[in-house]
Amino acid sequence: MIEIWPAIDLIDSTSVRLTEGDYTSKEAMTRTAEEAVSFYSQFECVTRIHVIDLIAAKQQTPMETDYVEQLVGLTDLPFEVGGGIRSLETIETYFSKGVQYIIVGTKGIQDVEWLKAAAEHYPGRIYISVDAFVDEIKVNGWLENTGINLFDFVAKINHLPLGGIIYTDISKDGKLQGPNFELTAQLVNSTPLPVIASGGIRNQADLTQLEQAGVQAAIVGKAANTESFWEGLT
């Protein structure tokens, strides 16, 4: 079965979700981050916890490193963390706090040489997060257009020793209307790197369709906070 990586998005150490990346749409989740980690850890299909420091994504510097370290200590599941990561020093800080994988976005997209250096220094442990409004990449907390096409960018990084590519269609994110199956499948076919789907995933039927497309894992946000999503899963 496809791997499930539940998402915990943090603002001021509070678990929240946004819609289309709009910070004014902030909605607190019913479970605290601590409660979420405990809940997700009971499922075998959950192989990783996905944490994003949302304020760091805007301010370009990590804000939740100490809190993340507390969360890491609550479970044996590996953590991946992203948001505002712009330096190897920050990556090393997170690793020193028990985080297993790092997600880079803006810096890696704007500076492919830096991404190459990070990936070669930590092979298999760096993931590139490609957040696009359909296929146009956005950066800096989804607030800034780049004019870079998703597939053009991926062609430049296919040879790097990355853990994988996390693709989020911003137009789908937080709406519970389903992911962008078509573009996600195209992405799988355009890269040898593992593809992780994010944004809009509603239910187990979505997971099945993504798995059939060759997606390695699904990052699930709002749906993971509903009881119905987990019914029948072990």
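We're numbering straight along the sequence, starting at 1.
Using modelled atom types and a 3.5 Å distance limit, the side chains of Y122 and E92 yield a donor-acceptor pair. Side-chain polar atoms of D206 and T208 form no donor-acceptor pair below 3.5 angstrom. A side-chain N or O of T47 and one of E3 form a donor-acceptor pair less than 3.5 Å apart. Side-chain contact, S38 with S41: no donor N or O sits under 3.5 Å from an acceptor N or O. With 3.5 Å as the limit, one finds no donor-acceptor pair spanning the side chains of E136 and T146.
More than 12 heavy atoms of other residues, nucleotides or ligands lie within 6.0 Å of CG in D152, so this atom counts as buried by the packing criterion. Other residues, nucleotides and ligands place no more than 12 heavy atoms under 6.0 Å from the NZ atom of K116.
R48 approaches E80 most closely through the heavy-atom pair NH1-OE1, 3.1 Å.
Ring to ring, F79 and Y94 are not that close: their centroids are 6.0 angstrom or more apart. A centroid separation of less than 6.0 Å is found between the aromatic rings of W230 and Y40.
A salt bridge links R31 to E227: at least one charged side-chain nitrogen sits closer than 4.0 Å to a carboxylate oxygen. Using a 4.0 Å cut-off between charged nitrogen and carboxylate oxygen, K222 and E27 count as a salt-bridge pair.
Within the 3.5 Å criterion, the main-chain N or O of K107 finds no donor-acceptor partner in the side chain of Q110.
Residues I126 and I91 have side chains in contact (heavy-atom distance under 4.5 Å, counting atoms from C-beta outward). Looking at heavy atoms from C-beta onward, V220 lies out of side-chain contact with P6 at the 4.5 angstrom threshold.
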